[in-house]
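Here's the structure we're looking at; comments come further down.
The model shown is predicted, which means the values in this text are computed figures rather than measured ones.
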Amino acid sequence: METKSKVLIIGGTGYLGKRLVRASLAQGHQTYVLNRPEIGVDIDKVQMLLGFKQQGAHLVSGSFNDYQSLVNAVKLVDVVICAISGVHIRSHQILLQLNLVDAIKEAGNVKRFLPSEFGTDPARMENAIEPGRVTFDDKMVVRKAIEEAKIPFTYISANCFAGYFLGGLCQPAIYVDEDDIAMYTIKAIDDPRTLNKTLYIRPPKNILSQKEVVQVWEKLIGKELKKSSISKDDFLASLKEQDYAQQVGLGHYYHVCYEGCLANFEIGKNGVEASELYPEIKYTTVEDYMKRYL
Ligand code: NDP
């Protein structure tokens with residue numbers, strides 16, 4: 001019988017993290033969730049963690065301020081998935097993962113580490129604009145530490161979270177329902193085909209230009225929308241008037257929507273594509289996703 005890895009999810013109460021916990025439980029993994037004392041009486045988080053426990057997850061006490069607690073936590077499992085925050089409008093803690101990399105190296109038992117990536121492949125963003133490039137630069141610092149420590153890994157390139165990008169109806173690219181991202185991620189953790197590779201999630205029906213997304217919405221609402229456009233230079237100039245967090249986020253939109261950085265390359269030998277590896281997952285199409293906004 002196939003043995004499923006024991007999984008520790010860090011950042012399990014987060015926007016993506018909670019979906020990873022649910023997907024891991026749904027796919028029958030023994031699932032451990034880091035319970036940080038710093039959450040105190042953040043009652044939403046406390047209740048979410050208790051809900052996970054009721055569904056069979058194990059809560060493990062640990063903190064990024066207590067290195068030994070991280071070592072002890074990772075010793076309990078085979079696979080560690082980190083979904084720590086990495087969006088400036090919420091919180092950006094990507095480099096905290098360097099402690100985790102050290103803990104995984106010291107513990108020595110982890111068969112695979114999936115760091116908090118879940119977006120654009122940072123290895124392809126060496127020419128990204130300031131200040132938004134901080135996201136890619138920080139994620140590359142973590143990758144370097146993982147690879148130098150010789151920790152087996154899978155990087156998940158999840159493209160556009162549908163909630164962020166389709167909700168606003170304004171981008172072309174590759175759109176993926178966050179619950180599908182979580183399902184593909186958990187599928188990948190015990191799969192030798194994804195070991196030391198980047199898993200790109202490119203559901204073929206969800207690779208759409210902005211115009212096509214608008215057409216999907218027009219079909220759903222039964223009317224044509226009025227459209228206006230903005231030049232690249234005007235868009236970039238308008239960035240300078242925004243606060244730092246907005247500049248970071250809109251810089252990413254520029255790379256995705258104007259440069260098409262998610263779909264303008266072949267995956268190549270260091271990557272694999274999720275919907276080809278796991279055709280059994282019936283992913284949510286853009287049209288089905290957008291019906292929620294009707
Ligand atoms: P969240 O902002 O929801 O935060 C996730 C978790 O990080 C929190 O719930 C918390 O978990 C933990 N955390 C936050 N601050 C700290 C801290 N100071 N110390 C320790 N832990 C902390 O993250 P997201 O789900 O939005 O982001 C996860 C990943 O997804 C990131 O890498 C991000 O860049 C990427 N992303 C990609 C998008 C896309 O469109 N492709 C869009 C949005 C995000 P807990 O309290 O449970 O420990």
Side-chain angles (χ1 to χ4, degrees), residues 7-18 20 33-40 42 45 60-75 77 79-108 110 112-159 161 164 181 185 196 198-199 243-253 255-256 261:
V7 183
L8 170 67
I9 294 170
I10 294 175
T13 66
Y15 180 72
L16 184 66
K18 60 177 178 268
L20 291 166
V33 184
L34 193 76
N35 178 5
R36 292 185 304 124
E38 292 86 3
I39 69 172
D42 181 335
K45 287 193 183 217
V60 189
S61 187
S63 167
F64 279 84
N65 300 324
D66 175 356
Y67 175 72
Q68 192 55 43
S69 74
L70 292 180
V71 176
N72 295 345
V74 302
K75 274 190 179 159
V77 298
V79 172
V80 177
I81 306 177
C82 186
I84 201 165
S85 54
V87 175
H88 284 74
I89 46 165
R90 288 160 67 79
S91 147
H92 181 81
Q93 304 292 344
I94 293 298
L95 289 180
L96 277 184
Q97 293 180 102
L98 294 175
N99 294 337
L100 184 59
V101 171
D102 287 344
I104 292 172
K105 187 177 174 192
E106 182 177 329
V110 168
R112 207 165 319 187
F113 176 42
L114 286 70
S116 188
E117 290 239 348
F118 306 106
T120 306
D121 181 356
R124 297 177 186 277
M125 300 307 291
E126 63 272 11
N127 297 320
I129 58 173
E130 295 285 2
R133 60 172 304 127
V134 63
T135 309
F136 312 121
D137 290 344
D138 285 1
K139 287 182 176 177
M140 286 307 286
V141 169
V142 175
R143 280 193 183 191
K144 188 162 173 272
I146 293 168
E147 290 169 32
E148 280 177 3
K150 300 201 171 7
I151 295 168
F153 63 84
T154 298
Y155 303 136
I156 307 290
S157 178
N159 297 310
F161 285 11
Y164 276 73
I181 293 171
T185 301
N196 297 337
T198 298
L199 179 73
D243 66 30
Y244 180 80
Q246 293 287 344
Q247 286 192 38
V248 171
L250 290 170
H252 296 182
Y253 273 59
H255 292 301
V256 169
C261 68

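- Remark: side-chain polar atoms of Ser157 are paired, donor with acceptor, to backbone N or O of Gly119 under 3.5 angstrom.
- Side chain of Gln97 to main chain of Ser116: a donor-acceptor pair is present (N/O by atom type, distance under 3.5 Å, no hydrogens or angles).
- Residue Ile84 forms a side chain to side chain contact (heavy atoms under 4.5 Å, CB included) with just one option from Leu96, Leu16, Leu95, and that option is Leu96.
- In terms of heavy-atom proximity, Gly62 sits nearest to Ser69 at CA-OG, 3.5 Å.
- Under a 3.5 Å cut-off, the side chain of Asn35 and the backbone N or O of Val60 do not form any donor-acceptor pair.
- Considering Leu114, Ile151, Val141 in turn, Ile151 is the only one that fulfils the side chain to side chain contact (heavy atoms under 4.5 Å, CB included) rule with Ile146.
- Under a 3.5 Å cut-off, the side chain of His255 and the backbone N or O of Asn127 do not form any donor-acceptor pair.
- The OH atom of Tyr155 sits 3.5 Å away from atom CD of Glu147, with the distance rounded to the nearest 0.5 Å.
- Screening residues 112-121 for salt bridge (charged side-chain N to carboxylate O under 4.0 Å, His left out), with sequence neighbours left out, gives Glu117-Arg143, Asp121-Arg124, Asp121-Arg143.
- In this structure, Tyr67 has no ring pair (Phe, Tyr, Trp, His ring centres under 6.0 Å) partners at least two apart in sequence or on a different chain.
- Taking the six-membered ring for Trp and thresholds of 30 and 60 degrees, His252 and Phe136 have ring planes inclined between 30 and 60 degrees apart.
- Taking the side chain as every heavy atom from C-beta outward, Phe153 and Ile104 never approach each other to under 4.5 Å.
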